[in-house]
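Scroll down for the structure; my scribbles are underneath it.
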Amino acid sequence: MKEKRVRTRYAPSPTGSMHIGNLRSALYEYLIAKSQGGDFILRIEDTDQSRLVEGAIEKIYDTLKLAGIQHDEGPDVGGDYGPYVQSQRKDLYLPYALELVEKKQAYYCFCDKERLEELRKSQGHEGVKYDRHCLSLSDEEIKANLEAKVPFVIRQKMPQEGSVTYEDAVFGTITVPCSELEDQILIKSDGFPTYNFANVIDDHLMKITHVVRGSEYVSSTPKYILLYEAFGWDVPVFVHLPLITKEGGRKMSKREGDASFMDLVEKGYLPEAIVNYVALLGWSPRDNREIFSLQELAEAFDISGISKSPSVFDMEKLNWMNREYIRKLDMDSFHAKALPWYEKAGLYETNIDLSKVSKLLIERVEYFEQIPEMVDFLIKMPEDYDLNMFAHKKMKTTVENSVGFLEESLKALEPIEDWNVQTIEQALMDTVQRLGVKNGQILWPVRTAISGKQSTPGGAFEIADLLGKEETLSRMRISLIRLKNL
RNA sequence: GGCCCAUUGGUCAAGUGGUUAAGACAUCGCCCUUUCACGGCGGUAACAGGGGUUCGAAUCCCCUAUGGGUCACCA
């Protein structure tokens, strides 16, 4: 048997933004193809015309592009198996359905929604299958209905006995009794195929070798198998992916406002970091490595590393990974990415040297949205900060002794003409020497007095340098007054 | 409810009959240190429960519990 070229596809429906689960599906599909030198195809599944969302296709393109997951074939780039949008393939499906009708594997159904509704009501709540009311229609009746233009659907005829078994690449052997299978609709009354049908047809026509999708499709896969068999087509490899849930084990959903890829990007997470993190949710490499570029993932990826159990999306770990990526950025690109956040924070209205800010921040930021809060004190000193902050056990400072230390520091700083980190450091360290105290006893009060915060992106020297001489001394004096007025 | 699937520390996870049950994030402690962060060292913490099979089970089988998925003219 000759090796077939591996082809996978990402087949989203254009109904909104790509949440994390979708992104991971696309990623794994891409990786499965690329790890074996295959092709990754993008196909738009818009057979539900009532759910179309304006601009959703563009969002998909943008997301894929940002994530670096580039497709070899798709609506925008073309390919030999187009069109890649199902609504543009609409006329292609009916003949296949009719072929099945011909083979007695499918049949016309003229039942309207009302009847189906009642059927459901009469039989209880869930687990109700279609009663095959139309299966027994005679050819004449069918013909008459067709000529009378009675709306119809085409249903797949399921076997009544036995079971269907298939090998899932991650879940192993799955067996479902045929009694569980409903005579599902293949062609809807609006002439469009259902997802289940279009999927099989398109995957076959597009020569997809690995059908990769979320595990919510595991139990409907037997229906697909039956379809492939009815047509006499090769059954592809099914790779079902475990779910990604949020804390508490609930499924992530855009309805509930769970983060989409784009949301995370907007918060200042780097696409590479998100991709890296998501790749590790549900898949693990043979070794213990955690940092992977997309290229490296494509080299290391293996279906056998995919796990069966769902995993929780952990923001903390994403934060960690994002910081790893941020710290690897060179200064210029970090600075460029930070700029919009400086603007948002109001730093543009100050004379503060932003490149110096970046140097301090690159070591401390987990994601960019944190920046405004980290630098707010530079713009405006918090006026009513808690003076108890001056008391620091390890620094050996108290609210009381800080007064004297601050006064001495002020004296040392006032004469400085060339105000920079070095001169500030020298002046302050000289003071430490002169008074014979611990470094922290001088530096902690100074830093606190000019920032009003428990922690800052830099120490006393750096913050004083950023603020400039005038502002620094002014803040120290104000804090001193507050301390004395206690 | 029927069917399908899953279950290793708070989280991600390695592990495929014999291990002191890795590693990472988080957390805690210590060190370093001008705060925070970084870095270094160390700690707490797991095989859902019960039966088997076996000389030996996290690994195989069964039952129970819990969790999830699915039962549409949605994908």
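Keep in mind that this is a model prediction, so the values were computed, not measured.
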Using the P atom on both, measure C71(B) against G51(B) and round to a whole Å.
38 Å
With no angle test and no hydrogens, is the base of C73(B) tied to the side chain of Ser189(A) by a donor-acceptor pair under 3.5 Å?
yes
Where the side chain of Thr47(A) is defined as all heavy atoms beyond and including C-beta, which of A75(B), G2(B), U70(B) is the nearest nucleotide?
A75(B)
For nucleotides A46(B) and U27(B), find the distance between their C1' atoms and express it as a whole number of Å.
16 Å
When you measure from the side chain of Glu316(A), which nucleotide among C5(B), C25(B), C38(B) comes out closest?
C25(B)
Considering only atom C1', compute the distance from C38(B) to U33(B) and round it to an integer number of Å.
10 Å
May I ask you to establish whether Lys267(A) and Phe368(A) are in a cation-pi arrangement, using a distance under 6.0 Å from NZ or CZ to the six-membered ring centre and at most 45° from the ring axis?
no
Does Lys317(A) contact A26(B) through a side-chain donor or acceptor facing the base, at a distance under 3.5 Å?
no
Of all the nucleotides listed (C4(B), C73(B), C25(B)), which has the minimum atom distance to the side chain of Val218(A)?
C4(B)
Which nucleotide in the set A75(B), C12(B), C73(B) lies at the smallest distance from any side-chain heavy atom of Val312(A)?
C12(B)
From the set U34(B), C4(B), A13(B), return the single nucleotide nearest to any side-chain atom of Leu443(A).
U34(B)
Determine: side-chain N/O of Ser311(A) to OP1/OP2 of A13(B), distance under 4.0 Å, yes or no.
yes
Take atom CD of Gln426(A) as the centre, draw a 6.0 Å sphere, and report whether it contains more than 12 heavy atoms from other residues, nucleotides or ligands.
no
Taking the nucleotide of RNA chain B with the closest heavy atom to each, which residue, Leu318(A) or Arg51(A), is nearer the 5' end?
Leu318(A)
Does Arg43(A) make a cation-pi contact with Tyr10(A) (under 6.0 Å, within 45 degrees of the axis)?
no
Closest of U35(B), A13(B), C4(B) to the Met395(A) side chain is U35(B)
Pair partner, C41(B) [Watson-Crick or wobble, under 3.5 Å]:
G29(B)
C73(B), OP1 or OP2 - any side-chain N/O from Arg120(A) closer than 4.0 Å?
yes
Which value, in whole Å, describes the distance between the C1' atoms of nucleotides A45(B) and G29(B)?
15 Å
Under the salt bridge (charged side-chain N to carboxylate O under 4.0 Å, His left out) criterion, do Asp183(A) and Lys129(A) qualify, and how do the steps go?
CA-CA 8 Å; Asp183(A) 285 354; Lys129(A) 293 195 304 176; over 6 Å; no
Provide the distance between the two C1' atoms, one in U16(B) and one in C47(B), to the nearest whole Å.
14 Å
Please state whether the phosphate of A75(B), meaning OP1 or OP2, lies under 4.0 angstrom from any side-chain nitrogen or oxygen of Lys188(A).
yes
Considering only heavy atoms and no angle criterion, is a donor-acceptor pair shorter than 3.5 Å present between the side chain of Glu425(A) and the base of U34(B)?
no
C36(B) phosphate, OP1 or OP2: any side-chain N/O from Thr456(A) under 4.0 angstrom?
no
Can you tell me if Lys308(A) touches the phosphate of C5(B), counting only side-chain N or O atoms and a distance under 4.0 Å to OP1 or OP2?
no
Under 4.0 Å between a side-chain nitrogen and a carboxylate oxygen: does that hold for Lys223(A) and Glu182(A)?
no
In whole Å, measure the gap between the P atoms of G68(B) and C12(B) for me.
14 Å
A58(B) versus A48(B) - spacing of their C1' atoms, nearest Å
12 Å
Toward the 5' end of RNA chain B, by each residue's nearest nucleotide, Glu462(A) or Ile306(A)
Ile306(A)
With respect to the phosphate group of C38(B), does any side-chain polar atom (N or O) of Arg323(A) fall under 4.0 Å of OP1 or OP2?
yes
Tell me the interatomic distance from Ile244(A), atom CD1, to A13(B), atom C1', rounded to whole angstroms.
14 Å
Flag yes if more than 12 heavy atoms outside Lys453(A) fall under 6.0 Å of its NZ atom; otherwise flag no.
yes
May I ask you to verify whether the side chain of Lys394(A) and the base of U33(B) hold a donor-acceptor pair under 3.5 Å?
yes
Does Ser215(A) place a side-chain N or O at less than 4.0 Å from the phosphate oxygens OP1/OP2 of A6(B)?
no
Please confirm whether the shortest side-chain N or O distance from Asn288(A) to OP1 or OP2 of A24(B) is below 4.0 Å.
no
Can you tell me which nucleotide in C73(B), U35(B), G39(B) comes closest to the side chain of Arg327(A)?
G39(B)
Taking the six-membered ring of Tyr385(A), is NZ or CZ of Arg482(A) closer than 6.0 Å to its centre and within 45° of its axis?
yes
For the side chain of Glu182(A), counting heavy atoms from C-beta on, which of A75(B), A72(B), C3(B) is nearest?
A72(B)
When rounded to the nearest Å, what value does the distance between P atoms of G23(B) and A14(B) take?
15 Å
